[in-house]
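Taking it in order: structure first as structure tokens, then the write-up.
Computed from a predicted structure; not experimentally measured. Worth knowing before you read on, the calculation uses all heavy atoms, side chains too, and leaves out hydrogens, waters and symmetry mates.
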Amino acid sequence: MTAAARLVVLVSEDDALASTLRAALEACSPPVRVETTPASTWRATLAATPVDCVVWADAPSSTIDSDRATPSPVDDIREMATDCPVILSPSTPVSAFARAAADGDAVRYVPGAIDTDDRALLVDAVDDALDEHVDELEAERDLLARTSSLADVGGWELDADREELRWTSETYQLHGVSESYDPTLEGAIEFYHFDDRESVRADVEGALAGEPFDETYRFHQADGELRWVRSRGVPIVEDGEVVGVSGAFQDVTERKRSQENVRRFKRAVEAAGHAIFITAQDGTIEYVNPAFEEITGYDAAEAIGRDPSILKSGEMDQEYYTRLWNTILSGAVWSEPIVNARKSGEHYHASETIAPIVDDGDIEGFVAIQTDVTEQVHTKERLETFREIVHRLGDPIMFQDRDGDFEIVNDAVATYAGLSKSELTGEDEFAFMDDHSARLIQERKARVIEADRAITYEIEPTFPTKGERSFVTTRYPHYGEDGEVDGTVAICRDVTERAEREHHLRVLDRILRHNLYNKMNLIQGHAELLEAGTSGKLQDSAQQIRQTGDELVGLADKERRVVELLTNQSEPRRLDVRPLLETVVLDLRDAYPDYPITLECSTAHEVRAIPELRDAVAELIENAITHGGETPDVSVSVRRDGDRIVVSVADRGPGIPEMERESAGAVTDITPLFHGSGLGLQFVHHVARRSGGSLRFDTPETDDGDDDSIGTVAELYLPVPVESSDVESAPSDSEGAVLDSPATSDAEESAVGDRDSFTRE
């Protein structure tokens with residue numbers, strides 16, 4: 001027997017009356033089930049349970065008023081039970097109930113006062129009501145069955161006393177089993193997803209305790225297919241006791257999937273980094289996502305109900321908007337860049353796509369997606385500017401792939417090569433340069449890619465249009481989108497004229513120093529003879545001539561070192577400061593045994609500097625001895641200051657003259673007041689600059705108030721290497737000069753930076 005095979009009579013409040021009716025109607029066919037419900041829950045029972053006849057046994061005294069046309073319970077009953085007969089059977093006559101029966105075709109009035117003890121009149125009234133209702137009921141139930149089948153709705157009923165579970169035909173179909181299958185409560189629960197079974201069991205137990213339920217669960221059909229079902233159950237009450245549960249069972253898989261798709265789509269839209277807004281057909285904004293609020297500055301409350309014109313910047317002409325609306329109203333998709341304005345008034349560039357929302361051929365609204373491309377537009381503009389600058393520069397600049405073939409060249413490369421840019425693309429240096437130079441460049445490109453760092457080198461190639469030229473080239477690794485080196489970028493500087501000037505300077509320097517040394521040897525020789533053969537003032541004069549000659553020779557040596565520093569191409573390298581300073585201090589202590597020199601450098605400090613650093617430190621110490629007074633107290637110390645190492649040389653003398661301090665900077669003019677005593681500091685200044693550092697002077701404060709002994713601190717600021725590995729100590733040759741290590745002995749090349757380094761002093 002299926003769950004729909006019984007007629008249901010619902011009796012309010014009166015359990016004794018329900019028992020009398022249950023006994024009298026026991027033999028009816030189809031069977032009749034008589035249930036009772038408290039007045040407090042009868043509305044919920046009528047809403048959840050199919051009922052074929054309602055017997056209202058009494059009405060609360062507070063609602064019965066003979067002066068009212070219809071007491072409120074009658075109104076409620078007729079409102080809730082429009083599909084079945086209603087029999088009003090109060091224990092005592094109620095005129096309002098009688099009037100209600102007279103006014104309603106489906107309402108009968110059988111008061112208990114005129115009935116027999118076994119309520120025969122009421123039983124006959126119920127029987128007649130069911131007979132009149134059964135034909136209509138059967139037709140409706142046939143329609144309901146067909147509708148339930150189409151809607152994937154089944155019914156079920158659980159008899160608590162017999163532990164018997166009955167299903168409708170649709171329920172068998174929804175489970176994917178034939179009607180020969182004998183359902184049990186535990187067997188039915190096994191169809192549900194493992195994680196949902198305890199919830200199903202708890203809901204059924206709750207219904208048996210009097211609590212209805214309405215839940216959605218995951219469900220496996222007999223063939224294993226996972227579905228979603230909605231299951232509802234209400235208690236079956238007889239004589240005030242729950243005797244079972246009846247319910248409905250509906251497949252809601254498609255609706256669940258549709259809801260999940262909507263939720264997933266909503267989550268995606270909410271999380272999208274693009275501004276998304278939806279408008280009605282007239283353009284009124286109905287929805288905006290969080291990215292819209294962030295990009296435009298308008299929150300949802302400010303934007304919804306308005307139209308997209310709030311974003312107008314004034315940059316787009318009316319023709320743009322006319323084309324936009326003509327496109328989307330025709331059903332096509334619009335996709336164009338636009339310049340909009342944020343709430344703050346700031347303009348922003350966006351890539352905008354607008355698509356119609358169509359339902360059954362009619363446009364209901366539009367969805368717009370905007371991507372803020374302001375930064376990309378500005379970057380492109382900057383790149384175009386940089387590209388224009390690069391192409392107009394007189395220095396050759398090029399990008400070559402890993403094979404060495406040109407991909408991008410500026411106008412200067414084409415000029416030197418004597419070929420057009422298109423002719424150079426896909427070629428290398430062998431297309432226009434002498435083979436020897438081209439092979440050297442090929443080796444340098446391979447080294448940059450292999451070492452993954454920039455290098456600087458000099459080369460003298462021969463060009464078909466300009467002949468032999470001298471170049472200083474810095475070549476950098478270039479990284480693709482994947483972060484891997486995909487080629488090299490070279491910036492070339494034509495230093496032909498500078499090389500020629502340096503060559504002339506070196507020649508002139510050698511000639512002058514040669515003549516100076518020869519003449520000074522002659523002067524010093526005669527001065528020594530005069531000094532040995534005279535006395536008194538003549539001897540003092542001869543001695544002064546000899547000392548001045550010695551100073552001139554020393555000045556010439558300093559000039560030689562400055563010229564060599566300016567014309568040679570020594571490059572910065574990693575050096576350990578401590579052994580370098582220890583060597584310098586040891587040598588100067590031997591040279592100046594009467595002057596105390598202290599060194600404070602307890603830990604190793606690594607710097608990046610040119611090899612001439614040793615001579616520069618020695619010059620600073622000698623300078624401190626020279627200007628330190630009769631008993632100079634010279635101290636050398638090392639400290640770290642951020643990304644710099646500071647080598648300090650301090651004395652307690654009267655200080656370095658201002659003229660010599662100024663000469664430590666770049667000399668722009670030679671005046672009658674300028675003299676050569678500052679050449680040593682000039683040398684130190686250039687060493688510092690070539691090393692990427694600087695030279696500074698300071699006058700320390702004293703507590704003794706002795707202005708004659710204020711002293712001077714010369715500070716040499718040097719950069720710390722980017723990488724701390726492979727630090728070269730500073731071994732000394734017989735003259736104390738820093739030696740090249742084997743890795744840097746190539747005069748044409750040295751590393752000037754680590755990965756991503758694009759600066760060079």
Side-chain angles (χ1 to χ4, degrees), residues 1-6 47-50 138 140-160 162-209 211-236 242 244-272 357-360:
M1 180 181 294
T2 63
R6 287 190 178 190
T49 305
E138 289 300 327
E140 290 178 354
R141 287 184 175 173
D142 287 343
L143 177 61
L144 177 61
R146 292 193 297 272
T147 305
S148 297
S149 179
L150 291 173
D152 289 333
V153 178
W156 57 274
E157 184 176 284
L158 174 65
D159 188 317
R162 300 176 183 175
E163 296 184 355
E164 179 182 343
L165 181 63
R166 293 182 291 273
W167 287 352
T168 64
S169 298
E170 289 75 18
T171 304
Y172 283 103
Q173 293 174 8
L174 290 172
H175 282 75
V177 297
S178 67
E179 295 193 21
S180 63
Y181 176 78
D182 186 16
T184 64
L185 177 60
E186 287 302 319
I189 291 177
E190 290 295 319
F191 280 90
Y192 290 88
H193 190 281
F194 179 81
D195 293 337
D196 291 344
R197 291 173 189 172
E198 287 304 317
S199 297
V200 174
R201 188 175 286 106
D203 286 338
V204 174
E205 292 174 353
L208 290 172
E211 295 293 332
F213 66 87
D214 186 346
E215 298 292 343
T216 301
Y217 311 106
R218 289 165 293 180
F219 176 84
H220 288 284
Q221 291 182 316
D223 61 2
E225 182 179 355
L226 180 65
R227 311 288 291 177
W228 285 88
V229 294
R230 179 187 180 190
S231 184
R232 291 171 290 172
V234 295
I236 301 173
V242 177
V245 182
S246 66
F249 184 85
Q250 182 181 15
D251 187 330
V252 294
T253 304
E254 296 307 320
R255 184 176 68 188
K256 187 73 175 178
R257 288 174 179 170
S258 177
Q259 291 173 346
E260 182 59 31
N261 287 337
V262 170
R263 283 194 293 269
R264 185 180 296 111
F265 175 76
K266 189 174 187 299
R267 287 195 300 268
V269 170
E270 295 287 330
I357 302 173
V358 180
D359 184 20
D360 196 22

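Here the shortest heavy-atom pairing between Ala222 and Val177 reads CB-CG1, 3.9 Å. Heavy atoms only, all atoms of each residue included: Trp156 and Ser231 are closest at NE1-OG, 3.9 Å. Considering every non-hydrogen atom in both Leu208 and Ala160, the closest pair reads CD2-CB, 3.9 Å. Of all heavy-atom pairs between Leu174 and Gly154, the closest is CD1-N, 3.9 Å. Heavy-atom minimum distance, Val242 versus Ala207: CG1-O, 3.9 Å.
Counting only heavy atoms from C-beta outward, the side chains of Glu215 and Val200 never approach each other to under 4.5 Å. At a threshold of 4.5 Å between non-hydrogen side-chain atoms, the residues Glu164 and Glu157 do not count as touching.
With respect to Arg227, the side chain to side chain contact (heavy atoms under 4.5 Å, CB included) criterion is satisfied by exactly one of His220, Glu254, Lys256: Glu254.
Remark: Gln250 CD to Arg230 CZ distance equals 6.5 Å, nearest 0.5 Å. Note that CD of Glu186 is 11.0 Å distant from CG of Leu165, once rounded to the nearest 0.5 Å. Going from atom OG of Ser199 over to atom OH of Tyr192 covers 11.5 Å, rounded to the nearest 0.5 Å. Atom-to-atom distance recorded for Gln221:CD and Leu226:CG is 9.5 Å, nearest 0.5 angstrom. Rounding to the nearest 0.5 angstrom, the gap separating the CG atom in Leu158 from the OG1 atom in Thr184 is 10.5 Å. Rounding to the nearest 0.5 Å gives a distance of 10.5 Å between CH2 of Trp228 and CZ of Arg257.
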TODO: Could you walk me through whether Phe191 and Val229 pass side-chain contact (heavy atoms from CB on, under 4.5 Å), step by step?
DONE: CA-CA 11 Å; Phe191 280 90; Val229 294; over 6 Å; no
TODO: Output, in order, the C-alpha distance, side-chain angles, deciding distance and verdict of side-chain contact (heavy atoms from CB on, under 4.5 Å) for Arg166 and Asp159.
DONE: CA-CA 8 Å; Arg166 293 182 291 273; Asp159 188 317; 4.3 Å; yes
- [ ] Let me see the working for Gln173 and Glu179 under side-chain contact (heavy atoms from CB on, under 4.5 Å), right down to the final yes or no.
- [x] CA-CA 8 Å; Gln173 293 174 8; Glu179 295 193 21; 5.5 Å; no
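Ring geometry for Trp167 versus Tyr172: interplanar angle over 60°, hence perpendicular rather than tilted (30 to 60°). Note on ring orientation: taking the six-membered ring where Trp is involved, the planes of Phe219 and Phe249 are perpendicular (angle over 60°, cut-offs 30° and 60°).
Side-chain atoms of Asp196 come within 3.5 Å of backbone N or O of Arg218 as a donor-acceptor pair.
No more than 12 heavy-atom neighbours from other residues, nucleotides or ligands sit within 6.0 angstrom of CD on Glu163.
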